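Lettering follows sequence order; numbering is per chain, from 1. Note that the structure is predicted; figures quoted are calculated from it, not measured.
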Amino acid sequence: MLDLSRLNPPQREAVLHEEGPLLVLAGAGSGKTRVIIHRVARLIERGVRPERILGVTFTNKAANEMRERLKGLVGRTAHSVHLSTFHALGLSILREEYEAAGLSAGFSIYDTGDQMGLVRELLRQTRVADRRLDAYKILECILAAKRKRLAEVEFDTGDDYELAAYDLYPRYVEQMRAYNAVDFDDLLLRAMTALENQGVRARWSQRYDFLLVDEYQDTSPDQLELLQVLAARHGNVCVVGDDDQAIYAWRGAAVDNILSFASNFPGTREIILDQNYRSTSNILASANAVIKNNAARKEKVLWSALGEGEPVQIVACGTAEDEAEMVIETIGKLVYDGAKHDDIAILYRANVQSQIFEETLALQHIPFRVVGGQSFFDRKEVRDAVAFLQVAQNPYDEVALRRIINVPHRGIGATSVERLVQYGERTGKGLWHAMNNAGADIDLPPAARAGLQSFVDTFGPIARELKQATRGSLGVTAHKLFDALGLRQSIIDADESPNVTAKRIENLEHVTRALERFEGYTEASGPLLTEFLRVSALTRGDSEPEDEDEKKGKVTLMTLHSAKGLEFPYVFLVGVEEELLPHKRTIEMGLDFGEERRLCYVGMTRARKRLWMSYAKTRMRYGRLEPRTPSRFLDELPEPPVIERRDRESPPTEDEADAKADEFFAKMRATLGIEE
DNA sequence: GAATCAGCAGTTTTT
DNA sequence: CTGCTGATTC
């Protein structure tokens, strides 16, 4: 029998809710995951077959966490519940319904890197004059239009990016089709296309009896539509989220989904979880005071039974350097008083802000980790290796093919590539065909011709083998391919420092190991390589080797966006200044600070015991010292804020700085017990 | 091809 | 000021 005694009344109400739509407005730290897993367990207990329950999250991490916690309640049955991300759900649909979606069986999934490769290529082909435009910005414009299902890119600012995007949009769509590739957005958009077919729609609306959605405030219009289709038959859709934590509107999320859930799903029961189990009352009072200034929101006033705690500290600092010093000194005191480094987080609006904290922490020998940045799959050698697999799987994938046509160097220069591409276009049979039939039709230098021939001869047979690889042969075949093409050798030949070389070899081997592991875990019956590439495309972001060890004993540095969903006993929210939070772009472009305020709120509500919010009065930007204004959000805090001033009339002299560093260093060593 | 230079822009990133 | 990109050069 499921134990509901540890749930509070609204939590229990959400868990026990039977049929029909349910909206759970779960404030920060109010135990929403708890509610979801208990609800799933409850449904199973009431006789619902686990495979007819669908739980949707945004991240793999959240899905995995949910699965683990569910196991704690229902044991092995947890594996039968369909828990996945929205994108993985889209893929599940497309795997079965690709024909109705206008795809062929072996379609590839393009990640952001692949998409950028395509945009750069299109830029090269069509906008010779504008090559230096940032491909990513153009891609953003294209994707925004595509998500809205517009026929053309809409002009908003009318800048060069939008103009380029306007030209490239149709080409982008056309090429993706030619490559038999879909991007992340397409996983949902194409799934929706497939669901327009009556048979398909009937099949999928029959599939699940109960739906549960986490982080509903971050869902997009497409995701809403998908839910409506899946829930059409029964309306059993339970969504959990917090409109006050909606921080992804810029990526296509519609806050309106959660605000108008009841009108989208008639008969909705609404439950508010406002008891917070994370923070002290002082922290919540400040957070509540800030967020209440947002206009369109479901009002929630968070409270907790964890006591008043320390007041929130507002710290005015002379310069950004002072701010860093203040933070690091305070960390020293906290640690001296028994806090662990991994209890502490430094949160900021933009990644650039991490630099000064990284430097200062390193100087004081305080262990830290920076969350974000380049992921494993973005490393060159890994992307190259994966590109070989992509081409083996789908030779029409010309982004991957162009990436590796001359990797490692085999004498096929830019001009030769261009000729091959032209030939491929002219014949309409694509680059791969051109490469295999270079013969007499294409004018190539002898070196290029020889390189091409040897590539085709080596790659072709092993690629065929790889494509048909089954359990037990996928990893070894890939290894064979990498060796035959000399990937490993080229890393050694690059002759970088021994450390770097070793790391890159290790990264390459990691790919082979990932393939081997996949053979062991997958239940896929179809082509193994295809599935591996798809699954890996959807799990790239979080496959960073982030063990518990990686976090242990380290101060965490990350953006406010990355901090969502996490908590730390001690939080430093830094750079709480106009033009940073709210960000300059928001101030310049529109009038809606709502999302920036929510970001501030998300940051504040990460803190369990103590929260510092700091700003600098001057800050070096682009090489100039600029005066700064405290964020408007600070004015919204309950009076009287505690201001700790750390002004300095003039910058410290070198001697002062040295003396201070020495003193601090000695203190820190004593505190941490670190040897010189 | 690798090295160097000039020019430019400068948020956030679950998949 | 930095970091990246594409162009230029040897």
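- For residues 403-417 of chain A, the set of pairs meeting the side-chain hydrogen bond (donor to acceptor under 3.5 Å, both in side chains) definition, not counting sequence neighbours, comprises A/D384-A/R403.
- Within 4.0 Å (heavy atoms only), A/Y248 reaches at least one base atom of the nucleic acid.
- Of the listed nucleotides (B/dT14, B/dA2, B/dT13), B/dA2 has the atom at the smallest distance from the side chain of A/H409.
- Put simply, CZ on A/F86 is 21 Å from P on B/dT13, counting in whole angstrom units.
- Summarising the geometry, the separation between CD on A/Q217 and P on B/dT14 is reported as 15 Å, rounded to the nearest angstrom.
- Residue A/R120 is classed as a sugar-phosphate contact, given heavy-atom separations below 4.0 Å to backbone atoms only.
- Nucleic acid contact class of A/Y136 (heavy atoms, under 4.0 Å, all strands): base.
- Rounded to whole Å, the distance from CG on A/D159 to P on B/dG10 is 10 Å.
- In this structure, A/R534 satisfies the cation-pi test against A/F107, with its NZ or CZ atom closer than 6.0 Å to the six-membered ring centre and inside 45 degrees of the ring normal.
- When the P atom is used for both C/dT5 and B/dT12, the distance is 16 Å, rounded to whole Å.
- In terms of heavy-atom proximity, A/A63 sits nearest to A/L83 at O-CD1, 4.1 Å.
- Comparing A/T559 and A/G411 against DNA chain B, the residue whose closest nucleotide sits nearer the 5' end is A/G411.
- Taking the centre of each ring, A/Y248 and A/H561 come in below the 6.0 Å mark.
- With its ring centre under 5.5 Å from that of the base six-membered ring and a plane angle below 30°, A/H583 counts as stacked on B/dT11.
- Per the geometry, CG belonging to A/L83 stands 21 Å off P belonging to B/dT14, to the nearest Å.
- Counting distance only, with no hydrogens placed and no angle test, the side-chain atoms of A/R251 and the base atoms of B/dT15 include a donor-acceptor pair under 3.5 Å.
- Between A/R598 atom CZ and B/dT14 atom P the separation is 19 Å, expressed in whole Å.
- Contact annotation: A/N60 side-chain N/O to B/dT15 OP1/OP2 distance is under 4.0 Å.
- Across all strands, A/T57 comes closer than 4.0 Å to no nucleic acid atom at all (heavy-atom distances).
- Take the nearest nucleotide of DNA chain B for A/R410 and for A/T112: the residue whose nucleotide is more 5' is A/R410.
- Here the nucleotide nearest the side chain of A/W250, chosen from B/dG10, C/dG6, B/dT13, is B/dT13.
- Atom pair A/R349:CZ and B/dG10:P shows a separation of 14 Å (rounding to whole Å applied).
- Residue A/T85 has no polar side-chain atom (N or O) positioned under 4.0 Å from OP1 or OP2 of B/dT14.
- Residues in residues 246-255 of chain A take part in no salt bridge (charged side-chain N to carboxylate O under 4.0 Å, His left out) pair, two or more places apart or across chains.
- Here A/K137 does not reach the OP1 or OP2 of C/dT5: none of its side-chain N or O atoms lies under 4.0 Å away.
- In this model, the phosphate group of B/dT13 is approached by a side-chain N or O of A/N351 to a distance below 4.0 Å at OP1 or OP2.
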